[in-house]
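Before any comments, here is the structure.
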Amino acid sequence: MKINNNIQKELLEIAPKLAALPKQNNFVVPSNYFAEGLPDAAIAGIIEDKLYPLKNTNPFIAPENNFEEGTAYLAVMAEIFIEPYQYLKEKNIFKIPTTYFDGLADSITEQVILDTVNNESESVLFANGTPKFSVPENYFNNLSDLIIDKVKQEDAQEIVLNPLLKQMQGEVIFNLPEGYFSNLEDRIIEQIHAPKIKSIERTEAKVVKFPFQRVMAIAAMLALFLGGAWLFQNSGLSANVSFEEQFAQLSNEDIKNYINDHESDFDGYLLADAASNELNDNLFEGVQLDDSEKDFYLNNIEDDIINEWYNENAI
Amino acid sequence: MADKPFASNYKQMWLYIILDYYFYSMSKVTDEEILAEWDVEATREVAFRKLINKYQERLYWHIRRMVHFHEDADDVVQNTFIKVWKNLDKFKRQSKLYTWLYRIATNESLTFIQKRKRKGTVALETDEYDLGAELTADVYFEGDEIQIKLQEAIDTLPDKQKVVFNLRYYDEMKYDEMSEVLETSVGALKASYHHAVKKIEKYLTTD
C-alpha cells in the first residue's frame, strides 16, 4: 500500500491530469468467449490423447514441465498442425542432374585425396594431417543460440542508477508562469501569420538613412544621366578632361548635397543594397572571417546594433 | 508546473472540469487524425492547433531541461512549432510523429545553446559562469542544493550526451525511439548514456 501511495504521489506531481483519470479496463472480449471459445481444456484433451501411448513406451526421462512447455508439447502441436499437409511430402519438388549419382562416389574420393595431401604438410592449422586446434563437441551447433542468448541478456540489462539519482528522477524543479500553456498556441499561430510584413516595413524604413561611401559610387553613375551638366558647370571644370577625372575632383559635400536634393530620383532598393554592403564591409573591417562565419553573424546581429550603426553613419 | 488556483465558486469549478475534459480529449487525438486534417487545406490550422495542444508540454519540458530558463525555453518551443508548421508537409510518416517533433525540438535547443555561447551573453564555456547561482536566482526554479548540483553535472556533459541523458533519465524514452530522434545507433546511445551516468555520479559524489 505504501508503494502504491508513493507512485500515485509521484504521478500527481508529474502528470496531474493523468493521475486524476480513473483506472479502468478498456479491453473487451467477444461474448461467451470463455464459455464457447477455444478453451484450454480442449487443447489439453488433444495433447493427452496423443501423449498416452508415449507415456508407457518412452524410455527417456523428460525435463520438468516438458509436457506443458517443452519440446514434447511443441512436437505434438506441430504434428496437429502439419497433418493436413502430409500429402506434400510424397511429391518431390527438387530436381538433380540425370547422372548425378553415377559420378558422386568418384568426386567425393577425389576431394578426400586432395584434403589429405593438403593436411600432410606442416601448417598453422594441421600437424601430420591432424588439426592442431579443436573445438568442443557440437560447438558450432549451439553457437548461434549462445550468441542470441548473450545479445538478449545485454539488451535486458539496464544501467543501474545510484539511489540518489533514482530519487531525484521524479522531482519537479523547473517552474513556469501560470497559464503558460493556455496561450502558447495562440502566440505561435500569431507568429506564423504575422512575420513577413514586419520585415518588409523595416527594410523600407532603413532606406531613409543610408551609408555614404558606397552610395557615392552608385550616385556617380546616376549623375551621368541626371545632372552631369549641372555638376560640371558649378564645379568650373574643363570640357577636355574625362568624366572620371572630373568626378574625382568633386567634393563629397557636392555629391552629398545632390543626392539629398534629388533623393526621389534614386532607386531605393539599389541604395539599400549598397547600404547593406557598406554595413557588411565596415562591420568586418580588420576581422578575418570566412563567408559562412560572416553570414552567421549577419543573420544573428541584433536590430538595435544595425540601427545604431545607421544613425552614426547616415548622411 | 504552477498549481491550479482554488475554485472559489461553482462556476469556476465547472469551468475547470470542462477545461480538464477539453485537454483530456485533446490528448486523446491520434496522430493519424491530426495528419489527416493537416492534409486538407481548410482544416490545416485546426490540425496544427491540435498538434500543439497534444505535444506542447512534452516538448517544452524536453527543451527546458536543455536550456534551463523559462524565457529561453519559450523562444525555442515557439521556434520549434514554427519549424513544424513549415516542414510538416515534408514529414515522410515512416517514423512516429512525436520522434520527428522531438528531433526538431532537440536541434532547435542545440542551435539555441550554440548561438547563446557565440553571442557571449552567457559565458557557458568559462569558469566564471555559475549555473547554480543563475538557477537559484531564477524565479522559475524550485530545486534544492542537490538538484542544482545535478543540473550542474548534466551541464558538464557534451551537448549531444546531455540530450541522451535527459531523454533516458527524465523522459524514459526507449533506445529505439531515441535512435530515431538522434539518428544514432542504439549501441552508441547505450554507451553514451552509460558514460553520462558515470560522469554525473562522479560529479555528485565529489566535493
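Proteins get letters first, then strands, A, B, ... in listed order; numbering begins at 1 in each.
Per-residue heavy-atom pair counts under 4.5 Å with chain B were compared for A:I173, A:L164, A:D186, and the maximum is reached by A:I173. Interface check for chain A: of the options B:F81, B:Y170, B:W85, the most heavy-atom pairs under 4.5 Å are formed by B:W85.
Considering only heavy atoms from C-beta on, B:R49 stays 4.5 Å or farther from A:I188 through its side chain.
Separation of atoms CD1 (A:I192) and NZ (B:K86) is listed at 8.5 Å; rounding is to 0.5 Å. Rounding to the nearest 0.5 Å places CG of B:L150 at 4.5 Å from CE of A:M168. How far CG of B:D74 is from CG of A:L184: 6.5 Å, rounded to the nearest 0.5 Å.
Between A:Y180 and B:H70, the ring-plane angle classifies as perpendicular under the 30° and 60° cut-offs.
Without hydrogens or angle criteria, A:R187 side chain to B:Q78 main chain gives no donor-acceptor distance under 3.5 Å. With A:Q169 contributing its side chain and B:Y169 its backbone, the two residues share a donor-acceptor pair below 3.5 Å.
In this structure, B:K83 places its NZ atom where only 12 or fewer heavy-atom neighbours from other residues, nucleotides or ligands lie under 6.0 Å away.
Interface residue B:I146: backbone and side-chain heavy atoms are both found under 4.5 Å from chain A. Both the backbone and the side chain of A:L165 come within less than 4.5 Å of a heavy atom of chain B.
There is a side-chain donor-acceptor pair under 3.5 Å between B:Q147 and A:E171.
Contact record, B:F48 with A:I189: CD2-CD1, 3.5 Å, taken as the closest heavy-atom pair.
Remark: B:A188 pairs with B:T184, B:S185 by the side-chain contact (heavy atoms from CB on, under 4.5 Å) rule, at least two apart or across chains. Listed by chain and number, the residues in a side-chain contact (heavy atoms from CB on, under 4.5 Å) with B:T99 are B:S95, B:K96, B:E177, B:E180, B:V181 (sequence neighbours excluded).
Aromatic pair B:F141/A:F174: ring centres closer than 6.0 Å. Ring centers of B:Y60 and A:F181: under 6.0 Å apart, within the cut-off.
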key: B:D138/A:N175 under side chain to side chain contact (heavy atoms under 4.5 Å, CB included): CA gap, chis, key distance, verdict   = CA-CA 9 Å; B:D138 185 15; A:N175 216 332; over 6 Å; no
